[in-house]
Asks: 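So that we are looking at the same thing, I have put the structure below in structure tokens.
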Amino acid sequence: MLLSGKHHLLIPKRAALAEKSCRLGHQLQRSCVSGTKSSIGTRIFNSRNHLGQVRFHNGSSQHRSNATLLPNQYLDAYDPKRFDPSTHQRNDVLFNPIDGTPPPADSHSATPKQEVTHDKSSHKYEQSWLGTHLDRWRADPSDFDCYWPVPTNKELQDTKSKTTTTKRVLWSNWTADLVRDRDKSPILFQYDDIAHDEDKNTEKSLLKAFYQYGLVLITGTPTATDSLPEEVMTEATKNATNSQERAEDAILHLASMIGYHPLQTLYGSGVWSTSSYSSFYNSDDSDGQVKAGSTADSAYGSTSLPLHTDMTYISNPPGVQIFLMVQPATATRTLSSEQDSTTIAPKGQSVYLDGFAAAERLRKENPDAFHLLASTQRRYRCIDDAEGWHLEACGPVINAIHGEDGWGPVTSIRHNDLDRLPDLPPYPVQNDVSNFTTFYDELLSAHAAWDNILRRDEIRLVIDLKCGDCVLVANQRCMHGRYAFDASTYPRVVMGCYVGMDELGSKWRHSGFSFP
């Protein structure tokens, strides 16, 4: 017995029509980019223009409703009547109520075709909803990203910009002084404001800043912890133990703000701690004991770490990494004789970089390198013999939406040269191995172009984190690294946790922020 209702049997046809309409939209965009006349009408759409703007061949333009740019089939399929009001799942899908099987193919063709609403004015969708879906369909980077410094309100008025969408801000030329400046920093927060945020205004501001910049600095975070032996504590760290709130509780509070709960990984199910002295610590709520997780990582040493994405070796790397500086390095690593006096004395300074900004620079400076790093699957690995872990995952260094007109907005970065395995070219057809040299030469050249951008001082934020400084890093956007340090006296101790990308995305969507 099958569920009744004409529209229940038309999902495949409606999907096919929507797909055809989607291809039609790309044809319209291509005609504009190439400068040729569209073969499907005298009117063409400029994908770089404002939402709803229609440009005619005579040079005139006008603004139209966003609804007129989306396919009728798509708008009809999103009719609220087609979704359960409590679960928000579709209620127009046909299946057998006994065993859940879909209907036979001939059932679809035998059912009368549902009429598609051609009067788009009958669709009662808000302009903000329509704009979000149009941005996602069009996949134009300029719809999602802008550059630091953010334009002022006057500049926006001068350019007659009508957009109200919060965009991701691709930042560079940041310094420690800037991000610590209470008047100028767009990412600076105080933990006391977060802890006493009864009306949730600070939480909303933090989520917005994190969406825009992928990086947030929180000062005055509690650092008291029982996981660090007293004999390796500095006097400042010992004094912090008098705080009523524990570091673990503060970290979990921040995790709940940006992603509901910590992400369980091979390093533990909650808060971890890492230093050149200790392993990661993971509090087990079942017996209250502190148990160590994996330590098979170069983060436990005192050498420098190149900029990287954490956990590139899992299918979906964490969305957030929370770093709380519990005990900074107390001694400066001695410079070698080859380094001049202008070199920053290494004492464990943290380094951050906007991967989306780096990717956009590569797109403009070397499109071929961007294409290769966005289209080549690369494999990453983590092995911990003691814990029995062997993790591997694949993905491009730059993950971007690929449309018929080229690459759209960047959605994530997966970069860690220490965990990246040797690359394999596509399997040769008919044992043709003549192009292997070309593959490796081009990939090596593309990666060198990427590294050349990552090493530029103007795109690297170097900051000496103080006790109580907590940094939230959007792991699939911003990379992080560190300077070397001397751990002979006291260890450098950082605590934190991970938050899942899906959980972070949920928080952003719930707050009204859109991303590709």
Asks: Evaluate the side-chain proximity of R378 to D423: yes if any heavy-atom separation is below 4.5 Å, no if none is.
Replies: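 Side chain of D423 against side chain of R378, heavy atoms only: contact under 4.5 Å found.
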Asks: Which residue pairs satisfy the salt bridge (Lys or Arg N to Asp or Glu O under 4.0 Å) criterion with at least one member in residues 391-400, sequence neighbours excluded?
Replies: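 Salt bridge (Lys or Arg N to Asp or Glu O under 4.0 Å) check on residues 391-400 returns R379-E392.
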Asks: Can you name the residues that form a side chain to side chain contact (heavy atoms under 4.5 Å, CB included) with T87, not counting sequence neighbours?
Replies: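 T87 satisfies side chain to side chain contact (heavy atoms under 4.5 Å, CB included) with D84, Q89 only.
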Asks: List the steps, then state whether side chain to side chain contact (heavy atoms under 4.5 Å, CB included) holds for K208 with Q212.
Replies: CA-CA 6 Å; K208 180 178 179 179; Q212 289 182 292; 3.8 Å; yes
Asks: Just wondering, do D140 and P409 contact through their side chains at under 4.5 Å, heavy atoms?
Replies: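 P409 does not reach D140 side chain to side chain.
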Asks: Which atom names give the shortest non-hydrogen contact between D354 and L170, and what distance separates them?
Replies: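 Reported closest heavy-atom pair: OD2-CA, 3.3 Å.
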Asks: Heavy atoms only: give me the nearest C470-L324 pair and the separation to one decimal.
Replies: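 Of all heavy-atom pairs spanning C470 and L324, the closest is CB-CD1, 4.0 Å.
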Asks: So H447 and D417, side chain to side chain contact (heavy atoms under 4.5 Å, CB included) or not? Walk me through it.
Replies: CA-CA 10 Å; H447 202 86; D417 284 341; 3.0 Å; yes
Asks: Can you list the steps and then say if I218 with L206 is a side chain to side chain contact (heavy atoms under 4.5 Å, CB included)?
Replies: CA-CA 10 Å; I218 303 169; L206 187 147; 4.0 Å; yes
Asks: One pair to check against salt bridge (Lys or Arg N to Asp or Glu O under 4.0 Å): D249 and R246. What are the steps and the verdict?
Replies: CA-CA 5 Å; D249 295 332; R246 317 305 286 173; over 6 Å; no
Asks: Between D135 and H133, is any side-chain donor less than 3.5 angstrom from a side-chain acceptor?
Replies: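 Checked: D135/H133 side chains show no N/O donor-acceptor pair below 3.5 Å.
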Asks: Under a 4.5 Å cut-off applied to non-hydrogen side-chain atoms, are S227 and E248 in contact?
Replies: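 A side-chain contact exists here, since the closest heavy-atom pair is under 4.5 Å.
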Asks: Determine the minimum heavy-atom distance between H415 and Y380, stating which atoms define it.
Replies: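 The answer is CA-OH, 4.4 Å.
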Asks: Which heavy-atom pair separates G100 from F95 by the least distance, and what is that distance?
Replies: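 Heavy atoms of G100 and F95 come nearest at O-CB, 3.9 Å.
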Asks: Ignoring hydrogens and geometry, is there a side-chain-to-backbone donor-acceptor pair from D197 to T202 under 3.5 Å?
Replies: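 Indeed, once roles are kept as given, a pair shorter than 3.5 Å links the two residues.
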Asks: For residues 508-516, tabulate all N or O donor-acceptor pairs below 3.5 Å that involve a side-chain atom, not counting sequence neighbours.
Replies:
unit_1 : atom_1 : unit_2 : atom_2 : d
W508   : NE1    : L207   : O      : 3.4
S511   : OG     : K507   : O      : 2.9

Asks: Could you tell me whether a side-chain N or O of S412 sits under 3.5 Å from a main-chain N or O of N399, the two making a donor and an acceptor?
Replies: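 Pair absent, no side-chain N/O of S412 close to backbone of N399.
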Asks: So do the side chains of R381 and I383 get within less than 4.5 Å of each other, counting heavy atoms only?
Replies: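 The answer is yes; the side chains approach within 4.5 Å.
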Asks: Is there a side-chain contact between P262 and L252 (heavy atoms, below 4.5 Å)?
Replies: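 A side-chain contact under 4.5 Å exists here.
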Asks: Do N475 and Y498 get their side chains close enough for a donor-acceptor pair, meaning under 3.5 Å?
Replies: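 N475 vs Y498: no donor-acceptor pair found between side chains.
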Asks: Is there side-chain contact between V150 and P186, with heavy atoms separated by less than 4.5 Å?
Replies: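 A side-chain contact under 4.5 Å is absent here.
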Asks: Enumerate donor-acceptor pairs with a distance under 3.5 Å from any side-chain N or O in residues 364-372 to protein atoms, sequence neighbours excluded.
Replies:
unit_1 : atom_1 : unit_2 : atom_2 : d
K364   : NZ     : Y147   : OH     : 3.3
E365   : OE1    : R456   : NH2    : 2.9
E365   : OE2    : R456   : NH1    : 2.9
N366   : OD1    : A369   : N      : 3.0
H371   : ND1    : W407   : NE1    : 3.0

Asks: How many angstroms lie between atom CZ of F439 and atom CG of L444, to the nearest 0.5 angstrom?
Replies: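 Answer rounded to 0.5 Å: 11.0 Å.
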Asks: Measure across G408 and A400 and return the closest heavy-atom pair with its distance rounded to 0.1 Å.
Replies: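 Scanning both residues completely, I find the closest heavy atoms to be O-CB, 4.0 Å.
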Asks: Looking at D79 and R82, does any basic side-chain N land under 4.0 Å from a carboxylate oxygen?
Replies: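 No.
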Asks: Under 3.5 Å, is there a donor-acceptor pair between the H390 and D385 side chains?
Replies: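 The criterion, which ignores hydrogens and geometry beyond distance, is not satisfied for D385 and H390.
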Asks: When you compare the side chain of I398 with that of I413, does any pair of heavy atoms fall below 4.5 Å?
Replies: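 I413 reaches I398 side chain to side chain.
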Asks: Atom CG in L373, atom CZ in R414: separation rounded to 0.5 Å?
Replies: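 Separation between the atoms: 14.0 Å.
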Asks: Over 60° means perpendicular and under 30° means parallel, so tell me whether Y74 and Y78 are parallel, tilted or perpendicular.
Replies: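 Plane angle over 60°, so perpendicular.
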Asks: Is a donor on one side and an acceptor on the other found under 3.5 Å between the side chain of Y125 and the backbone of L75?
Replies: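 It does hold such a pair.
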Asks: Quick one: does any side-chain atom of N91 pair with a main-chain N or O of K81 as donor and acceptor, under 3.5 Å?
Replies: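 It does hold such a pair.
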Asks: Write down the atom of P396, the atom of Q377, and the distance for their closest heavy-atom approach.
Replies: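 Residues P396 and Q377, closest heavy atoms: CD-NE2, 3.5 Å.
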Asks: How long is the span from the CZ atom in F323 to the CG atom in D310, to the nearest 0.5 Å?
Replies: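 Reported to 0.5 Å precision, the distance equals 5.5 Å.
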Asks: Among R168, R477, K167, which residue meets the salt bridge (Lys or Arg N to Asp or Glu O under 4.0 Å) test with D145?
Replies: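 For D145, the salt bridge (Lys or Arg N to Asp or Glu O under 4.0 Å) check succeeds only for R168.
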Asks: Walk me through it: do R361 and S172 pass the test side chain to side chain contact (heavy atoms under 4.5 Å, CB included)?
Replies: CA-CA 11 Å; R361 289 197 180 203; S172 60; 3.5 Å; yes
Asks: Only counting residues at least two apart or in another chain, list the ones meeting side chain to side chain contact (heavy atoms under 4.5 Å, CB included) with D441.
Replies: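 For D441, the residues satisfying side chain to side chain contact (heavy atoms under 4.5 Å, CB included) (neighbours in sequence not counted) are T437.
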Asks: Would you compute the distance between atom CG of L362 and atom CD1 of I453 and round it to the nearest 0.5 angstrom?
Replies: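 The CD1 atom of I453 is 4.5 Å from CG of L362, to the nearest 0.5 Å.
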Asks: Regarding D419 and H308, do their side chains bring together a donor and an acceptor under 3.5 Å, going by distance alone?
Replies: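 Side chains of D419 and H308: no pair found under 3.5 Å.
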Asks: Counting distance only, does the side-chain N/O of T312 pair as donor-acceptor with the main-chain N or O of T309 below 3.5 Å?
Replies: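 A pair under 3.5 Å: no.
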Asks: Within this structure, what is the CZ-CG distance for the pair F189 and L472, rounded to the nearest 0.5 Å?
Replies: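 Output value for this atom pair is 9.0 Å.
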Asks: Taking C-beta and beyond as the side chain, do W171 and C478 meet within less than 4.5 Å on heavy atoms?
Replies: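 Yes, close enough: below the 4.5 Å cut-off.
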Asks: How many angstroms lie between atom CD1 of I322 and atom CE of M257, to the nearest 0.5 angstrom?
Replies: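 Rounded to the nearest 0.5 Å, the CD1-CE separation comes to 9.5 Å.
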Asks: Just to verify, what does Y191 make a ring-ring contact (aromatic ring centres under 6.0 Å, His included) with, not counting sequence neighbours?
Replies: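 So Y191 forms no ring-ring contact (aromatic ring centres under 6.0 Å, His included) with any residue.
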Asks: Would you check if the side chain of Q476 reaches a backbone N or O of P317 as a donor-acceptor pair within less than 3.5 Å?
Replies: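 Side chain of Q476 to backbone of P317: a pair is present.
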Asks: Determine whether the aromatic ring centres of residues F436 and Y440 are separated by less than 6.0 angstrom.
Replies: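 For Y440 and F436, the ring centres are not under 6.0 Å apart.
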